[in-house]
Amino acid sequence: MVGLMTFFVLTGQTVATILGRFYYDQGGDSKWMATLVQSAGSLLFLLPLLLLSSSNSPNTSILYSLTSKAAIYILFGIVIASDNLMYSYGLLFLPVSTYSLICATQLAFNAVFSYYINSEKLTAPILNSVVLLTFSAALLGLHAGSEPSVHVSGEKYTLGFILTLAASALFSLLLSLMQLTFEKFYKRVTFRVVLELQTYTNFIATCTSVVGLFASGEWRSLRGEMEEFKKGTEAYVMTLVWTAISWQVASVGLVGLVFVASSLLANMIGTLALPLVPIFAVIFFHDRLDGVKVMAMMVCTMGVPLIHLSAVS
């Protein structure tokens with residue numbers, strides 16, 4: 001199960017990030033649409049969830065009322081939508097290689113949140129990893145003013161850096177809270193519970209994103225955006241569809257890892273995609289992998305095994 005969930009995370013996260021940048025590079029400009037596709041794929045799991053709910057599965061209901069259960073879904077859904085929006089802005093304003101490196105800091109954030117929320121041990125390898133990943137993010141932050149970009153200004157680059165960093169922290173907090181929910185709110189955690197939490201929270205996030213899409217007025221420009229997409233209308237639709245599917249594959253893998261192991265392991269596996277995205281970014285988007293980025297990537301890569309060492313021990 002851990003191997004399968006790991007494959008889902010690595011494949012889904014890498015493909016979704018590359019397609020998300022491809023959407024912007026080919027003429028896409030709707031931040032709310034980019035946010036929507038990160039959760040809209042949850043609708044694919046409604047039918048399996050209904051089938052599981054109708055079967056004679058053992059009772060795994062939460063220890064509190066149905067109102068509490070709904071409140072958990074709504075709260076997590078709104079947080080997911082907010083987090084996805086910050087990631088969308090970060091991917092728009094940053095080169096995809098820089099974006100992926102900053103996202104690696106979520107592992108350091110999760111180590112801290114796991115200590116305070118999930119009572120995980122804060123060992124020496126974890127502390128060293130936090131220092132290394134923080135140093136990596138600081139390198140990229142100091143490098144922000146010197147990295148050339150033909151697409152965005154220095155102010156937007158800095159904003160993208162801050163939003164991506166904040167989104168990484170919020171995502172780590174969310175994973176720790178999900179683990180706490182499994183431990184404290186459910187009598188017994190099964191795959192049905194995992195699928196239920198994944199589907200319903202992302203459904204709320206999708207509804208929130210739809211409201212944002214219409215409230216912002218971005219829906220008015222979607223037809224023109226589709227017609228002016230450089231690769232054509234069909235490529236526009238397929239980019240959004242496969243981005244949505246890829247994010248849900250990664251999301252199922254992450255929630256599954258929280259279920260079978262811990263939020264710390266889930267974040268660790270997600271960070272293993274770090275070396276893949278910058279390489280693909282250089283190939284497909286001609287990102288410049290200069291000395292500072294290479295150093296940041298090396299520092300991040302050193303930090304990940306330290307978390308792994310602590311998690312295994």
Side-chain angles (χ1 to χ4, degrees), residues 11-44 80-100 102-103 144 147-164 167 202-203 205-251 276-289:
T11 304
Q13 185 172 298
T14 302
V15 172
T17 303
I18 294 299
L19 287 178
R21 184 68 239 187
F22 178 80
Y23 165 76
Y24 286 132
D25 278 8
Q26 297 300 313
D29 189 50
S30 174
K31 276 72 69 178
W32 278 108
M33 176 57 73
T35 301
L36 176 62
V37 296
Q38 293 182 53
S39 58
S42 62
L43 300 178
L44 297 173
I80 289 172
S82 303
D83 196 53
N84 290 345
L85 181 61
M86 288 192 288
Y87 275 132
S88 297
Y89 272 98
L91 194 56
L92 173 63
F93 293 153
L94 297 174
V96 68
S97 55
T98 304
Y99 168 85
S100 64
I102 297 173
C103 287
E147 182 169 16
S149 175
V150 298
H151 301 291
V152 299
S153 63
E155 291 77 10
K156 287 185 177 180
Y157 188 106
T158 303
L159 178 61
F161 177 88
I162 294 172
L163 289 176
T164 304
N202 275 277
F203 177 74
T206 300
C207 294
T208 303
S209 300
V210 170
V211 172
L213 181 65
F214 281 91
S216 65
E218 287 187 357
W219 65 274
R220 297 188 182 93
S221 61
L222 292 182
R223 177 180 291 275
E225 180 178 285
M226 180 172 60
E227 293 174 351
E228 296 174 5
F229 201 68
K230 294 178 183 179
K231 295 294 184 180
T233 302
E234 183 178 346
Y236 177 85
V237 174
M238 295 305 295
T239 298
L240 295 179
V241 169
W242 284 106
T243 302
I245 293 174
S246 298
W247 275 124
Q248 284 311 300
V249 169
S251 186
L276 302 177
V277 177
I279 293 173
F280 283 120
V282 172
I283 296 173
F284 294 113
F285 305 115
H286 308 293
D287 275 13
R288 198 167 70 93
L289 205 61

inquiry  = Counting C-beta onward and ignoring hydrogens, is there a side-chain heavy-atom pair between T243 and Y23 closer than 4.5 Å?
reply    = no
F203 meets the ring pair (Phe, Tyr, Trp, His ring centres under 6.0 Å) criterion, sequence neighbours left out, with none
Residues passing the ring pair (Phe, Tyr, Trp, His ring centres under 6.0 Å) test with Y24, sequence neighbours excluded, are none
Hits for side chain to side chain donor-acceptor pair (under 3.5 Å) against T164, two or more places apart or cross-chain, chain-then-number order -> none
Across all chains, not counting sequence neighbours, the side chain to side chain donor-acceptor pair (under 3.5 Å) partners of T206 are S39
Q) Can S209 and T35 be said to form a side-chain hydrogen bond (donor to acceptor under 3.5 Å, both in side chains), step by step? A) CA-CA 7 Å; S209 300; T35 301; 5.7 Å; no
Residues passing the side chain to side chain donor-acceptor pair (under 3.5 Å) test with S42, sequence neighbours excluded, are none
Just list the side-chain donor-acceptor pairs under 3.5 Å for residues 210-220, sequence neighbours left out, or say none.
| residue | atom | partner | partner atom | Å |
| --- | --- | --- | --- | --- |
| S216 | OG | G212 | O | 2.9 |
| S216 | OG | L213 | O | 3.1 |
| S216 | OG | E218 | N | 3.3 |
| E218 | OE1 | S30 | OG | 2.6 |
| E218 | OE1 | K31 | N | 3.2 |
| E218 | OE1 | W32 | N | 3.0 |

Sorted by chain and residue number, the side chain to side chain contact (heavy atoms under 4.5 Å, CB included) partners of I245 (sequence neighbours excluded) come out as L44, V241, W242, V249
By side chain to side chain donor-acceptor pair (under 3.5 Å), Y87 pairs with (sequence neighbours left out) Q106
Sequence neighbours excluded, the answer for side chain to side chain contact (heavy atoms under 4.5 Å, CB included) partners of A250 is Q13
The complete set of side chain to side chain donor-acceptor pair (under 3.5 Å) pairs with one or both residues in residues 226-239, sequence neighbours excluded, reads E225-Y236
